[in-house]
Amino acid sequence: MTVSGILDPLATAQSWKEAGREVAIATVIDTWGSAPRPAGSHLVIDGEGNFEGSVSGGCVEGAVITEALDVIASGASKMLEFGVADETAWRVGLSCGGRIRVYVERLG
């Protein structure tokens, strides 16, 4: 399913779950300062590491996917927080400084 030509990560999550895949959803809960994605943004991850959507960019997205695989395996949700100062943002693959908080939960 698309919204204005963009895949809807929640529709993807539903489709993957109905197909029998293990699924986790990561949601941006809060942002402070500059953040690539606003609160409410979603990243959907399956048990094999496939993903749709976005909660950030650079190294943060990879870290969220890794944590989501742990959430799928354990069933225990996690609250993640990532932050970087403006002066170091470019070195870690981000275009701006700021902080984000991301909640990761297993679906069903």
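The basis for the numbers below is simple: all heavy atoms, side chains too, and nothing from hydrogens, waters or symmetry mates.
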Original post:
Do the side chains of I100 and L80 join up, straight or via other hydrophobic residues, at under 4.5 Å, putting them in one cluster?
Top reply: yes
Subject >> Atom pair CZ (R21) and CG (N50), whose distance is rounded to the nearest 0.5 Å >> reply: 5.5 Å
**OP:** For residues V71 and A76, report the shortest heavy-atom separation together with the two atoms involved.
**Re:** CG2-O, 3.4 Å
Original post:
Taking only residues two or more places apart in sequence, or in another chain, which ones meet L107 in a side chain to side chain contact (heavy atoms under 4.5 Å, CB included)?
Top reply: A13, K17, V23, I25
Scan the side chains in residues 60-68 for donor-acceptor partners under 3.5 Å anywhere in the protein, sequence neighbours excluded, and list what turns up.
from, atom 1, to, atom 2, distance (Å)
E61, OE1, V55, N, 2.9
E61, OE1, S56, N, 3.1
E61, OE2, S54, OG, 3.0
T66, OG1, G62, O, 3.1
E67, OE1, K78, NZ, 2.5

Original post:
Which distance, rounded to the nearest 0.5 Å, do you find between the OG1 of T27 and the CE of M79?
Top reply: 9.5 Å
Original post:
If you group Ile, Leu, Val, Met, Phe, Trp and Tyr by side-chain heavy-atom gaps below 4.5 Å, do V104 and F82 land in one group?
Top reply: yes
**OP:** Without swapping roles, check the side chain of R101 against the backbone of E81 for a donor-acceptor pair under 3.5 Å.
**Re:** no
Subject >> Side-chain heavy-atom pair V102, I29 within 4.5 angstrom cut-off >> reply: no
**OP:** Specify the closest pair of heavy atoms between L43 and F51, including all atoms of both residues, with the distance to one decimal.
**Re:** CD1-CD1, 3.8 Å
Original post:
Can you tell me how far the CH2 atom of W16 sits from the CD atom of E52, to the nearest 0.5 Å?
Top reply: 5.5 Å
**OP:** Examine distances only and state if a side-chain atom of S74 and a backbone atom of D70 form a donor-acceptor pair shorter than 3.5 Å.
**Re:** yes
Original post:
Distance from I72 atom CD1 to I45 atom CD1, nearest 0.5 Å?
Top reply: 6.5 Å
Subject >> Interatomic spacing from CZ in R37 to OG1 in T31 - rounded to 0.5 Å >> reply: 11.5 Å
